[in-house]
Amino acid sequence: VQLQASGGGLVQAGDSLRLSCAASGRTFNTWGWFRQAPGKERELVAVLRASEKSYADSVKGRFTISRDNAKNTVALQMNGLKPEDTGTYFCAANVNRVISSSLPYRSAYSYWGQGTLVTVSS
């Protein structure tokens, strides 16, 4: 099983980026996008459990997580990017449903992508 993340880049504040995570080998119930800024902990940005979506407060209204079941991919559309969105973004997935209390924790996800760097300049 592999998760392959792509779509990062260098953009200016206010721009948009679309990250994609392609999975091979399994289908998953729960997907998450995490990000890690230099010197900071990895944090959960968005989650998709079956059809349920949730977002970190810092990205609500700007980011959208979506899934293409036919292609077994998950995307993170990021609009209105801010310098504080800078970091390495990781996709993660779990075959089974992750309970709500466990969603923010890396240990709840069995599979991880390699990370894609997003840099937002001011």
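When reading the values below, keep in mind they use all heavy atoms of this one structure, side chains included, and skip hydrogens, waters and symmetry mates. These numbers were taken from a predicted model, which means no experiment stands behind them.
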Point-to-point distance, once rounded to the nearest 0.5 Å, from CD of Q114 to SG of C91: 7.0 Å
Under 3.5 Å: donor-acceptor pair, side chain of T86, backbone of V120: yes
- prompt: Are S16 and N79 close enough that some pair of their side-chain heavy atoms sits under 4.5 Å apart?
  reply: yes
query: What heavy-atom pair brings P104 and S101 nearest, and what distance separates the two atoms?
result: CD-O, 3.7 Å
field: Joint hydrophobic cluster, V95 plus V47, side-chain heavy atoms closer than 4.5 Å
entry: no
message: Taking the six-membered ring of Y111 as reference, does the cationic atom of R26 (NZ for Lys, CZ for Arg) lie under 6.0 Å from its centre and within 45° of its axis?
response: no
field: Over 12 foreign heavy atoms within 6.0 Å of CD, Q36
entry: yes
field: Student check: side-chain heavy atoms of N94 and N29 closer than 4.5 Å
entry: no
Derivation of the salt bridge (Lys or Arg N to Asp or Glu O under 4.0 Å) call for D85 and K82: CA-CA 5 Å; D85 294 319; K82 304 176 181 180; over 6 Å; no
- prompt: Are any of the side-chain heavy atoms of S6 and R18 separated by less than 4.5 Å?
  reply: no
query: Are V74 and L44 co-members of a hydrophobic cluster defined by side-chain heavy atoms under 4.5 Å apart?
result: no
field: Geometric class of the F63/Y89 ring pair [parallel <30°, tilted 30-60°, perpendicular >60°]
entry: tilted
Side chain to side chain contact (heavy atoms under 4.5 Å, CB included) assessment of R97 paired with E52: CA-CA 11 Å; R97 176 183 171 87; E52 303 171 25; 3.1 Å; yes
- request: State, with a plain yes or no, whether a side-chain heavy atom of T88 is found less than 4.5 Å away from one of F34.
  value: no
- line: The reported gap from OG in S110 to CG in N96 (rounded to nearest 0.5 angstrom) is 8.0 Å
- prompt: Is there a path from V45 to F28 through hydrophobic residues (I, L, V, M, F, W, Y) whose side chains come within less than 4.5 Å of each other?
  reply: yes
- prompt: Taking the side chain as C-beta and beyond, is there a heavy-atom pair between L10 and L117 under 4.5 Å?
  reply: no
- prompt: Any donor-acceptor pair under 3.5 Å linking the side chain of R42 with the backbone of A37?
  reply: no
- request: Kindly compute the distance separating CZ (R67) from SG (C21), expressed to the nearest 0.5 Å.
  value: 11.5 Å
- line: Separation between CH2 (W33) and OG1 (T116), nearest 0.5 Å, reads 7.5 Å
query: Any Lys/Arg nitrogen of E84 or K40 sitting under 4.0 Å from an Asp/Glu carboxylate oxygen of the other?
result: no
field: Nearest atoms (heavy-atom pairs only) where A108 meets S102
entry: CB-O, 3.3 Å
message: For a side chain to side chain contact (heavy atoms under 4.5 Å, CB included) check, start with the C-alpha distance between S58 and R35, then their side-chain angles and the critical distance, and finish with the verdict.
response: CA-CA 12 Å; S58 59; R35 69 184 178 193; 3.4 Å; yes
message: Do T30 and Y109 make a side-chain contact, defined as non-hydrogen atoms from C-beta onward lying under 4.5 Å apart?
response: yes
- request: Kindly indicate whether the side chain of L103, heavy atoms from C-beta on, has any atom under 4.5 Å from the side chain of R49.
  value: yes
field: Polar side-chain atom of K53 near backbone of I65 as donor-acceptor pair, under 3.5 Å
entry: yes
- line: In this structure, CG of L19 is separated from OG1 of T73 (nearest 0.5 Å) by 12.5 Å
query: Considering residues, nucleotides and ligands other than E41, do more than 12 of their heavy atoms fall under 6.0 Å from its CD?
result: no
query: Can you tell if the side chain of L76 reaches within under 4.5 Å of the side chain of T64, non-hydrogen atoms only?
result: no
query: Counting N and O atoms only, with roles assigned by atom type, does the side chain of S121 sit under 3.5 Å from a partner on the main chain of V11, one being a donor and the other an acceptor?
result: yes
query: So which heavy atom on A13 is nearest to which on S122, and how close?
result: CB-CA, 4.4 Å
task: Measure up the F90 and W112 rings against each other and bin them: parallel (under 30°), tilted (30 to 60°), perpendicular (over 60°).
output: perpendicular
